J.: 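I have a structure I would like to understand better, so I am pasting it below and will then ask my questions one at a time.
Sequence lines set the chain letters: A, B, ... in the order given, protein chains first and strands last, and positions in each chain run from 1. Because the structure is a prediction, the values reported are computed rather than measured.
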Number of protein chains: 2
Amino acid sequence: MKISTRGRYALRLMADLANNPNDEYIALKEISQRQEISIKYLEQIVSTLCKAGYVKSSRGVAGGYKLAKPAEEYTVGMILRLIEGNLVPVKCMENEPNCCPRYEKCATIGVWERINDAVNGVVDSITLAELVNNPHSVEFGCKE
Amino acid sequence: MKISTRGRYALRLMADLANNPNDEYIALKEISQRQEISIKYLEQIVSTLCKAGYVKSSRGVAGGYKLAKPAEEYTVGMILRLIEGNLVPVKCMENEPNCCPRYEKCATIGVWERINDAVNGVVDSITLAELVNNPHSVEFGCKE
DNA sequence: TGCATATCATAGTAATTATGTAGGAATTAG
DNA sequence: CTAATTCCTACATAATTACTATGATATGCA
């Protein structure tokens, strides 16, 4: 029941971008240093975010990345779900709807559905803006 | 963000035991056949449950396992947490309390804490008895 | 006593996933 | 032209997962 490092790093990357007050592109190198995450690993993660249209990129000197939309318009769920593929607690819930051949007889599926709803309830209710404005966080330095 | 098969199998094993009306010991072989799970794999899982005092065992002919307490006294959380070790979504929450050196500055820890609370809220509120009495489940056959 | 049926203990293994690294091509500002 | 950057794809490695295998130990019963 763990969030992968890719998912956690993606959130920190997005939070780092959201924390940038100006509308300029930020190079991965900078983020890499601030977050202490390998630049090569960040490249892969930001590539997914870019293809999904979550961030905009600019190549060449003085290039980098910035959020495509205001931080208020991203939820934690959007970001995690994009990077992780999904957040469902069991494989049989990955493919819609109720694909398990024994769904009707399953004693435990109700548990997984309720866990799924609970997790979604949390991640879909927190925006990137709330993450950044959290007084708890002056920096984004936590290893997670 | 997946529950391991061990966790899922443990829940099915416990549900199978809880579904047994009489107070007799049930051999793993039976459960193995009903649940279509390798008996050797079940042995490992039930061993953990046994050492924790969740089930009682009887060796030899006509031996097997049965619940140590009424099904009402087990929550899904107890069982999953025992088998999985823990259900926290990030490693830095595994060791109490707030062991991460940058906890105070972490922007994302709040997300993980809320996910954790949400998951615990679900699994700690469902008992084994509720699982078995669920009209949804006549059998416990779902692969999950 | 001897055998069949169980649990109990520990080690091994194959496959998958997670977590990165490496190298270099393409693009662009100055 | 050059330096800085994104972009692309393959490779490497470590950890975890999900079993499998072997055999010891205990028990009831004929």
J.: Quickly work out the A:Ile45 CD1 to C:dA18 P distance and round it to whole Å.
T.: 13 Å
J.: Quick one: B:Leu49 CG to C:dC8 C1', roughly how many Å, whole number?
T.: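 Computing the B:Leu49:CG to C:dC8:C1' distance gives 14 Å.
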J.: What string of B, S and - do you get for nucleotides 22-30 of chain C, 5' to 3', if B is base contact, S is sugar-phosphate-only contact and - is no contact with any protein heavy atom under 4.0 Å?
T.: -BB-BBBB-
J.: Send over the distance from A:Arg12 CZ to C:dT19 P, rounded to a whole Å.
T.: 13 Å
J.: Using the rule that Ile, Leu, Val, Met, Phe, Trp and Tyr join whenever any side-chain heavy atoms are under 4.5 Å apart, tell me whether A:Met78 and A:Val55 fall into a single cluster.
T.: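 They do share one cluster, since a chain of ILVMFWY contacts under 4.5 Å joins A:Met78 to A:Val55.
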J.: For C:dT19, take OP1 and OP2 only and decide whether either is under 4.0 Å from a side-chain N or O of A:Tyr9.
T.: no
J.: Let me confirm one number: the CG-CD1 distance from A:Asn120 to A:Ile115, rounded to the nearest 0.5 Å.
T.: 12.0 Å
J.: Which part of the nucleic acid, if any, lies within reach of B:Lys51 when heavy atoms closer than 4.0 Å are counted: base, sugar-phosphate only, or nothing?
T.: sugar-phosphate
J.: Run the salt-bridge test on A:Glu84 and A:Lys2 with the 4.0 Å N-O cut-off and return the result as yes or no.
T.: no
J.: A:Glu84 CD to C:dT17 C1': how many Å, rounded?
T.: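 It works out to 12 Å between those atoms.
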J.: Given that A:Ser4 and B:Ile39 both sit by DNA chain C, which one's nearest nucleotide is further toward the 5' end?
T.: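 In this pair, the answer is B:Ile39.
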J.: Quick one: B:Lys2 NZ to C:dT17 P, roughly how many Å, whole number?
T.: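 Computing the B:Lys2:NZ to C:dT17:P distance gives 10 Å.
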J.: Assess whether a salt bridge exists between B:Lys56 and B:Asp23, defined as any Lys/Arg side-chain N lying under 4.0 Å from an Asp/Glu carboxylate O.
T.: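 Looking at B:Asp23 together with B:Lys56, the answer is no, because their closest N to O distance does not fall below 4.0 Å.
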J.: Is it the case that A:Lys69 places NZ or CZ above or below the six-membered ring of A:Tyr74, under 6.0 angstrom from the centre and within 45 degrees of the axis?
T.: yes
J.: Taking 5' to 3' order, which nucleotide of DNA chain D is first and which is last to have an atom within less than 4.0 Å of a heavy atom in chain B?
T.: D:dA18 to D:dG28
J.: Is B:Tyr65 touching bases, backbone alone, or none of the nucleic acid, heavy atoms closer than 4.0 Å?
T.: sugar-phosphate
